[in-house]
Amino acid sequence: MNLNSFIIHTTATISVIKTTNIPLSSTIVFCIILVVVQHSVYGLNWEDGARDIKWRMNCDFFGHDIDRISSTGNKCGSLCIASINCTHFRHAIDGYCYLKNAPPAILPTVTAEGVCGFVPWKFEPGRDHWNGARSGVKWLNDCDFFGHDIGRQPSSAELCGDVCLNNPDCTHFRHVGEFCYVKKASLSTPRTAVNGGICGYISSRNFDNINNKINTNITISTADSQEFYVLYIPQNIPLSSTIVFCIILVVLQQSVYGLNWEDGGSGSKWQLNCDFSGHDIDRISSTGNKCGSLCIASINCTHFRHAIDGYCYLKNAPLEIQPTFATKGMCGFVPWKFEPGRDHWNSARFGVKWLNDCDFVGHDIGREQSSAELCGDVCLNNPDCTHFRHDGEFCHVKKAPLSTPRTAVNGGMCGYISSRNFDNINNKMNTNLTISIADSQEFSATISVMKTTDLPAVCKFVFCAAILVIVQHQSANGLNWNNGGSGSKWQMNCDFSGQEIERIEATGDKCSDLCIASINCTHFHHASDGFCYLKNAPLEIHPTFAPDGACGFVPWKFEPGRDHWNVQSNGVKWLPHCDFVGHDIGQEPSIPDHCVDICLKNPECTHFRHDGEFCHVKKAPLTTLRTAVKNGFCGYISSRDFVH
């Protein structure tokens, strides 16, 4: 038997020769060799990480996820150790560490990117997960005992255990940033994995006093609200003491809108680790420090929540709503939004009103480069300007009715000139025109036109003829579309609103290729958030104006029986930006041009995918669906026998 060949096979499927005809002594020798040389999932082909973890590049333990935490790849093993139930982990290109609970015998699968690993000693019964220090201090990186805080003080992470030791009431602690949080909790309190900081407990402390308390739910009605409390009440104190305690609590309690909220910008309030569950009216990708500003900018927003997915969730909720505990993120509200008649706008000279993070979408009549501070002046200097928006580089001047609602957006500012005469704008009317054109379907448009009641009939006729000429050249599939790659069409500043089936982070020039790669995509939109939105819409749909980005469609996707693939003479079909997810039977480094030949030379290969570095050979049924992905290309050998 070739020993090297055997070692390779033991990481996958092992073929063993029957030993019924060889002496027992030979069989025993064979088993000993297997134990010594086989490279199992927990063998020498894994890299050694901190705290005896094992890791590898380009692998995953598919499924088995129990949590995900935004982190860098080098923190993923530590997060798995910190999570009580985690045994395996995977860090992906989306920036998340996926914590998993899987059996020890699970085998990893090959992936195009990322890293995976496991913690072997988590399968040892009774193994202490904690790092030990003097005086019974136990600690771990990247963990917390949520809640249970009884105080905090500035300190280094190294001294946080000592801070807890010096406080006779402290049983647990957590260090994050510049503060040590001292806590009082029962010994059975579970830790939670978090990104950053340390946590620990004092194993030598007496936990009996903590466990001698009970949780009591008490609802106390006050004159103007109803509050909810979870109290620790010792079992052995007299009833009269309990009553006094509750009275003091009513006097001193910090209500949801009291002093225990942090003050944010523009009169907003916020707290960490909370949410107003439900009540969502919008969500916008942003940083946490922008969330309050976005709520102020949104007309109907009263409450907000920033979550670990990077989105600010805008909410509309009653004033008396109570926050719920959340393990991550922050929440807040804007108290003055409940004051009737309160002006939401900041005021400047000459009747200029403005806000951060907003826009009056559309209505542009021009733009010029300026600073944000001077955008109001740019509008003031244009007698037709009533509204404005600064996007970070350009001041967009706009003409719109006073009733035009603002929209919350991430970045920039908007405003209007309250001293302007809006009567001339309101003297316009929106007219819906449906015009039949000889060589196309009907085209509907909403056009703002001046009232023409005082114009002679001949002027009205000429005006309508001009409209006809304009509309005639705005057909969705007409000459005003730019020609893109592979027969696609595109235009700037437009969208096919709604109709989304998927979104993929990509540059604008990749968007049409992604639509072609997606089986069901017919239309697309690339937005300023850096995502390509793939859409499925009817051919006759008309684009709407968008202040940024581009949109387009793939006309030939409406041709029945049209082959989407690029075809080579040897029966190979391929497309950019696609994959047949899974089905891998091997991979090897190659340049993109060689991937087809690699598949052709492997009689088992039916499909292939090149990710920019590796050629992945695959074996799959002919009916396997392709998926649009950000880069690389995929294809299949149409002449191959898919039956076997």
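Heavy-atom basis, side chains included; hydrogens, waters and symmetry copies ignored. In this chain, residues are counted from 1 in sequence order.
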Give the C-alpha distance, both sets of side-chain angles, the deciding distance and a yes or no for side-chain contact (heavy atoms from CB on, under 4.5 Å) between His610 and Ser590.
CA-CA 8 Å; His610 198 278; Ser590 81; 3.4 Å; yes
Begin from the C-alpha positions of Asp149 and Lys184 and carry the test side-chain contact (heavy atoms from CB on, under 4.5 Å) through to its verdict.
CA-CA 7 Å; Asp149 292 23; Lys184 190 172 187 178; over 6 Å; no
Quick one: do Arg56 and Val115 satisfy side-chain contact (heavy atoms from CB on, under 4.5 Å)? Show the steps, please.
CA-CA 6 Å; Arg56 285 214 67 168; Val115 63; 5.8 Å; no
Give the table of side-chain donor-acceptor pairs shorter than 3.5 Å for residues 508-517, with sequence neighbours excluded, one pair per line with atom names and distance.
residue, atom, partner, partner atom, Å
Asp509, OD1, Thr507, OG1, 2.6

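Using a distance-only test at 3.5 Å, with no hydrogens or angles considered, no donor-acceptor pair links the side chain of Asn58 to the main chain of Val110. Side-chain atoms of Asp142 come within 3.5 Å of backbone N or O of Gly196 as a donor-acceptor pair. A side-chain donor-acceptor contact under 3.5 Å links Asn131 to the backbone of Trp139. No donor-acceptor pair under 3.5 Å is formed between the side chain of Ser286 and the backbone N or O of Cys291. Side chain of His526 to backbone of Ala506: a donor-acceptor contact under 3.5 angstrom is found. Looking only at distances, a side-chain donor or acceptor of Thr302 sits under 3.5 Å from a matching main-chain atom of Ala317. With hydrogens and angles ignored, the 3.5 Å screen pairs a side-chain donor or acceptor of Lys618 with a backbone N or O of Phe580. Side chain of Arg51 to main chain of His129: a donor-acceptor pair is present (N/O by atom type, distance under 3.5 Å, no hydrogens or angles). Remark: the backbone N or O of Phe531 is paired with a side-chain donor or acceptor of Asp529 at under 3.5 angstrom.
Inspection of the His172 and Arg191 side chains reveals no N or O donor paired with an N or O acceptor under 3.5 Å. For His88 and Asn101, the side-chain atoms include no donor-acceptor pair closer than 3.5 Å. Side-chain contact, Asn316 with His279: no donor N or O sits under 3.5 Å from an acceptor N or O. If you check the side chains of Lys290 and Asn410, you find a donor sitting under 3.5 Å from an acceptor. Tyr181 and Arg174 share no side-chain donor-acceptor pair at under 3.5 Å. For the 3.5 Å distance criterion, the side chains of His607 and Arg626 fail to qualify, holding no donor opposite an acceptor.
Contact annotation: the side chain of Asp309 approaches that of Tyr313 to within less than 4.5 Å [non-hydrogen atoms, C-beta and beyond]. The closest side-chain heavy-atom distance from His306 to Met330 is below 4.5 Å. Counting heavy atoms from C-beta on, the side chains of Ser78 and Ile81 never come closer than 4.5 Å. Side-chain contact check for Cys532 versus Leu534: some heavy-atom pair is nearer than 4.5 Å. Taking 4.5 Å as the limit, some side-chain heavy atom of Leu622 sits within range of a side-chain heavy atom of Tyr636. Side-chain contact between Ile598 and Asn602: absent, with no pair of heavy atoms (C-beta onward) separated by less than 4.5 Å. Counting heavy atoms from C-beta outward, Lys535 and Asn520 have side chains that stay 4.5 Å or more apart. Side chains of Lys183 and Ile150 form no contact here, defined as non-hydrogen atoms less than 4.5 Å apart.
Sparse packing is recorded around CD1 of Ile93, with 12 or fewer heavy atoms of other residues, nucleotides or ligands lying under 6.0 Å away.
Considering every non-hydrogen atom in both Phe325 and Asn273, the closest pair reads CD1-O, 3.7 Å. Considering all non-hydrogen atoms of both residues, Ser298 and Leu314 come closest at CB-CD1, 3.7 Å. In this structure, Leu159 and Ser155 approach most closely via the heavy-atom pair C-OG, 4.5 Å. Residue Phe496 comes nearest to Phe553 through the heavy atom pair CZ-CD2, 4.4 Å, listed as atom of the first residue, atom of the second, then distance. The minimum heavy-atom distance between Phe608 and Ile637, with the atom names listed, is CE2-CD1, 4.1 Å. Of all non-hydrogen atoms in His64 and Ala102, the two that sit nearest each other are CG-CB, 3.8 Å.
Going from atom CD1 of Ile504 over to atom NZ of Lys630 covers 10.0 Å, rounded to the nearest 0.5 Å. Taking OH from Tyr311 and OG1 from Thr287, the interatomic distance works out to 14.0 Å, rounded to the nearest 0.5 Å.
Between Cys180 and Cys164 the SG-SG gap reaches or exceeds 2.5 angstrom. Sulfur atoms SG of Cys605 and Cys599 are positioned under 2.5 Å apart. Between Cys143 and Cys199, a gap of under 2.5 Å is found separating the two SG atoms.
Applying the side-chain hydrogen bond (donor to acceptor under 3.5 Å, both in side chains) rule to pairs touching residues 106-126 yields Arg90-Thr111, Arg90-Glu113, Glu124-Arg127, sequence neighbours excluded.
Classified by interplanar angle (parallel below 30°, tilted 30° to 60°, perpendicular above 60°), the ring pair Tyr201/Trp130 is perpendicular.
Between Phe333 and Trp270, the ring centre distance reaches or exceeds 6.0 Å.
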